[in-house]
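A short worksheet on the structure shown next.
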Amino acid sequence: MLPEDFYTRKHVVQIAKDLLGKVLVTNFEGERTAGMIVETEAYAGVVDKASHAYGGRRTARTETMYSRGGVAYVYLCYGIHHLFNVVTNAEDIPHAVLIRAVEPLEGVDIMLARRGKPKLTPQLTAGPGALSRALGITTGYTGLSLNTHIFIEDRGIKIPPRDIIAGTRVGVAYAQEDAYLPYRFWVKGNPYVSRGKGL
DNA sequence: CAGCAGATTGACT
DNA sequence: GTCAATCTGCTGC
């Protein structure tokens, strides 16, 4: 499992890159599922117009972003989709990394059942709402430390730097100039990377 | 308090 | 390609 100081570092963009190749694991009621992270986005807190915490906004929803790094921030998007983020940095600095896609490694049958799908295709976990549903992550787990039911492992998988591609974040056109920041990262050529509409 | 847009997805034309 | 699903939070009456 990743040490706590992996999450409490100050540079959320570096953490977003470092998370590629790590393994996101969930274990709910004995059902274990896991996938390798292949796509992430960094959200840089109060100065980032794309972040829920821009300008220091604090609401019931965003409160967990202000926690010390190493907990889950899960929120509901469009009223339907549960989006999973990793909170980083120190307490009161609301940085987070959105996990946008994983490649299934364990518990594929469980994921298929949760998604109501007959067979494995990239759609199973390509996209932030899709992977959360496949891994059983809901807003009920927001604020949970990443060391019990949801955790991230380093299995020694190294993504070569030349295979890490940077681009603009998906669905953040409203963020004006910050929409052009290269804060989205993915593993080159991996079929599970989402085909979200960037800029 | 109504209206609207959003870190999305899947069904349908 | 278009659109509905439906919760959170911001804006404006």
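Sequence lines set the chain letters: A, B, ... in the order given, protein chains first and strands last, and positions in each chain run from 1.
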How would you label the contact of [X] with the nucleic acid (heavy atoms, under 4.0 Å): base, sugar-phosphate, or nothing?
{"X": "A/R57", "value": "sugar-phosphate"}
{"X": "A/L98", "value": "base"}
{"X": "A/A130", "value": "sugar-phosphate"}

How close or far is atom [atom2] of [N] from atom [atom1] of [X], stated in whole angstroms?
{"X": "A/H52", "N": "C/dC10", "atom1": "NE2", "atom2": "C1'", "answer": "12 Å"}
{"X": "A/R100", "N": "B/dT9", "atom1": "CZ", "atom2": "C1'", "answer": "11 Å"}
{"X": "A/Y54", "N": "C/dC10", "atom1": "OH", "atom2": "P", "answer": "14 Å"}
{"X": "A/I80", "N": "C/dT8", "atom1": "CD1", "atom2": "C1'", "answer": "13 Å"}
{"X": "A/H82", "N": "B/dT8", "atom1": "NE2", "atom2": "C1'", "answer": "12 Å"}
{"X": "A/H81", "N": "C/dA4", "atom1": "NE2", "atom2": "P", "answer": "15 Å"}
{"X": "A/R169", "N": "B/dT8", "atom1": "CZ", "atom2": "C1'", "answer": "17 Å"}
{"X": "A/R133", "N": "C/dA5", "atom1": "CZ", "atom2": "C1'", "answer": "13 Å"}

Side-chain donor-acceptor pair present, [X], [Y], cut-off under 3.5 Å:
{"X": "A/Y73", "Y": "A/H52", "value": "yes"}
{"X": "A/S194", "Y": "A/E39", "value": "yes"}
{"X": "A/D18", "Y": "A/Q14", "value": "yes"}

Side chain of A/L76 only, please: which of C/dG9, C/dC7, B/dT8 is the nearest?
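The answer is C/dC7, which lies nearest to the side chain.
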A/Y78 side-chain proximity, nearest of B/dT9, B/dG6, C/dG9:
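Of the options given, the side chain of A/Y78 lies nearest B/dG6.
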Cation-pi between A/R57 and A/Y54: NZ/CZ under 6.0 Å from ring centre and within 45° of the ring axis?
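The answer is no; the distance or angle limit is not met.
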Is C/dT6 paired to anything, Watson-Crick or G-U wobble with both distances less than 3.5 Å, and if yes, which nucleotide?
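Base-paired to nothing in any strand shown.
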